[in-house]
Amino acid sequence: MTRVAVNGVTGQMGGAVIEAATDSEVVVGFATSDTDTVDGVPVVHPADAAAALREYDVDAVVDFAIPDGALTVAEACVEAGVPMVVGTTGFDEDGMARLNDASDSIPLLKAANFSQGIQVLQRLVREAVGTLEDYDLELMETHHNRKVDAPSGTANSILAVIQEERDVEPVYGREGHAPREEDEIGVFARRAGDIRGEHELVLAGNDEVLSLSHRAEDRGVFAAGALDAATWLVGRDAGWYAFGDVVDA
């Protein structure tokens with residue numbers, strides 16, 4: 001069994017990873033809270049992560065935290081020579097550069113979403129946008145009311161796929177007199193309740209509408225995918241990997 005450490009272990013996704021770990025073993029977690037254990041898993045401050053990775057003989061780290069905490073643990077992974085799966089979103093340009101630097105030393109897999117369905121959705125988006133070249137595009141996402149970054153990392157990854165196919169400029173919401181421009185894509189974020197994650201791309205033109213969408217029913221989907229990625233990452237060469245690599249394998 002893969003021995004896993006979870007960064008952000010006291011959060012909702014941290015708990016979901018522990019619950020989903022049937023073919024892996026969560027041996028330690030990292031969090032800044034004063035909690036000593038979560039579901040029997042010892043909790044260590046991220047500042048002490050490098051020593052804990054060695055002490056608990058960790059094979060890979062699964063990260064669902066905040067950018068600062070993820071970067072602290074990434075540095076610890078480099079020091080300890082441990083692969084890292086990064087599920088945290090909301091990194092700025094400097095944060096992404098630091099993750100790229102870490103991938104020079106360890107296998108690092110960064111994904112905004114660990115759902116196999118989202119991987120398929122992105123491939124369908126590429127085909128649809130490339131084929132329906134003159135259709136208007138609108139991208140919408142909905143998440144729970146505690147999510148702090150907007151648009152979601154998954155929405156941004158879908159937008160990146162679209163922009164590889166079409167030269168469009170994102171417009172984040174509309175207000176007042178805001179006529180639609182030909183080369184724009186509207187991007188909208190909604191926050192409500194305990195919604196796990198919904199993403200939809202609408203393509204409209206030629207008197208028809210095509211909608212490509214995905215809805216996660218349970219966050220355990222993402223936890224299981226991240227654990228699959230951690231197991232897959234063990235033994236790989238240092239470098240930058242994507243969840244699509246895991247799905248394809």
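FYI, side chains are in, hydrogens and waters are out, and symmetry mates aren't considered; it's all heavy atoms of this structure. Just so it is clear, the model here is predicted, and its values are computed rather than measured.
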Could you measure the distance from the CZ atom of R3 to the CG atom of D57? Nearest 0.5 Å is fine.
5.5 Å

Nearest heavy-atom pair of E127 and T131: which atoms, and what distance?
O-OG1, 2.7 Å

Interatomic distance, CG@L108 vs NZ@K110, rounded to 0.5 Å, equals 9.0 Å

Do you see a donor-acceptor pair shorter than 3.5 Å between the side chains of S152 and H199?
yes

Are the side chains of V73 and C77 in contact, using a 4.5 Å heavy-atom criterion?
yes

Which pairs would a plain distance check flag for residues 34-54, meaning a side-chain donor or acceptor within less than 3.5 Å of a matching protein atom at least two apart in sequence or in another chain?
residue: T35; atom: OG1; partner: S33; partner atom: OG; Å: 3.3
residue: H45; atom: ND1; partner: A47; partner atom: N; Å: 3.0
residue: R54; atom: NH2; partner: E79; partner atom: O; Å: 3.2

Decide, yes or no, whether a salt bridge links E164 with R126 under the criterion of side-chain N to carboxylate O below 4.0 Å.
yes

Listing request: all salt bridge (Lys or Arg N to Asp or Glu O under 4.0 Å) pairs with a residue in residues 68-77, at least two apart in sequence or in separate chains.
E75-R98

Taking ring pair (Phe, Tyr, Trp, His ring centres under 6.0 Å) as the test, write out the residues that go with F30, two or more places apart.
none

Atom pairs and distances, side-chain donor-acceptor, residues 11-29, under 3.5 Å, sequence neighbours left out:
residue: Q12; atom: OE1; partner: R146; partner atom: NH2; Å: 2.9
residue: Q12; atom: OE1; partner: R219; partner atom: NH2; Å: 3.3

Just to verify, what does D101 make a side-chain contact (heavy atoms from CB on, under 4.5 Å) with, not counting sequence neighbours?
D104

Scan residues 236-249 for pairs that pass salt bridge (Lys or Arg N to Asp or Glu O under 4.0 Å), counting only residues two or more places apart or in two chains.
R123-D248

Contacts of E208 that satisfy salt bridge (Lys or Arg N to Asp or Glu O under 4.0 Å) - sequence neighbours left out
none

Which pair of heavy atoms, one from G153 and one from T89, lies closest together, and at what distance?
CA-CG2, 4.0 Å

Shortest non-hydrogen contact between A242 and L109, atoms and distance:
O-CD1, 3.7 Å

Which residues share a ring pair (Phe, Tyr, Trp, His ring centres under 6.0 Å) with F243, sequence neighbours left out:
F114

Run the side-chain contact (heavy atoms from CB on, under 4.5 Å) test against E169 and tell me which residues pass, sequence neighbours left out.
none

Quick check against the 3.5 Å criterion: does R196 have a side-chain atom that pairs as donor or acceptor with the backbone of D194?
yes

How long is the span from the CG atom in D167 to the CD1 atom in I162, to the nearest 0.5 Å?
13.0 Å

Looking at L203, V202, L210, which hits side-chain contact (heavy atoms from CB on, under 4.5 Å) with Y135?
L203

Applying ring pair (Phe, Tyr, Trp, His ring centres under 6.0 Å), can you list everything that pairs with F188, at least two apart in sequence or on another chain?
none

OG1 (T231) and CE (M1) are apart, to the nearest 0.5 Å, by 9.0 Å

Rounded to the nearest 0.5 Å, how far does OG1 of T142 lie from CD of E198?
5.0 Å

Quick one: which of T72, T88, D63 gives a side-chain hydrogen bond (donor to acceptor under 3.5 Å, both in side chains) with N7?
D63

My understanding is that only residues two or more places apart in sequence, or in another chain, count here; which of them pass side-chain contact (heavy atoms from CB on, under 4.5 Å) with R191?
E141, H143, K147, A150, A189

Does S213 reach the side chain of M140, with side-chain heavy atoms less than 4.5 Å apart?
no

Going from CG on L132 to CG on L137, what distance comes out if it is rounded to the nearest 0.5 angstrom?
9.0 Å

Determine the minimum heavy-atom distance between N156 and P151, stating which atoms define it.
ND2-O, 3.6 Å

Show the nearest heavy-atom pair for residues P83 and L233, with the distance to one decimal.
CB-CD2, 3.8 Å

Does R166 reach the main-chain N or O of E133 with its side chain, forming a donor-acceptor pair under 3.5 Å?
yes

Closest heavy-atom contact between Q119 and V247?
CG-CG2, 3.8 Å

Using side-chain contact (heavy atoms from CB on, under 4.5 Å) as the criterion, list what pairs up with V120, not counting sequence neighbours.
L124

Verify the cluster assignment for L201 and I118: are they in a single hydrophobic cluster under the rule of side-chain heavy atoms below 4.5 Å apart?
yes

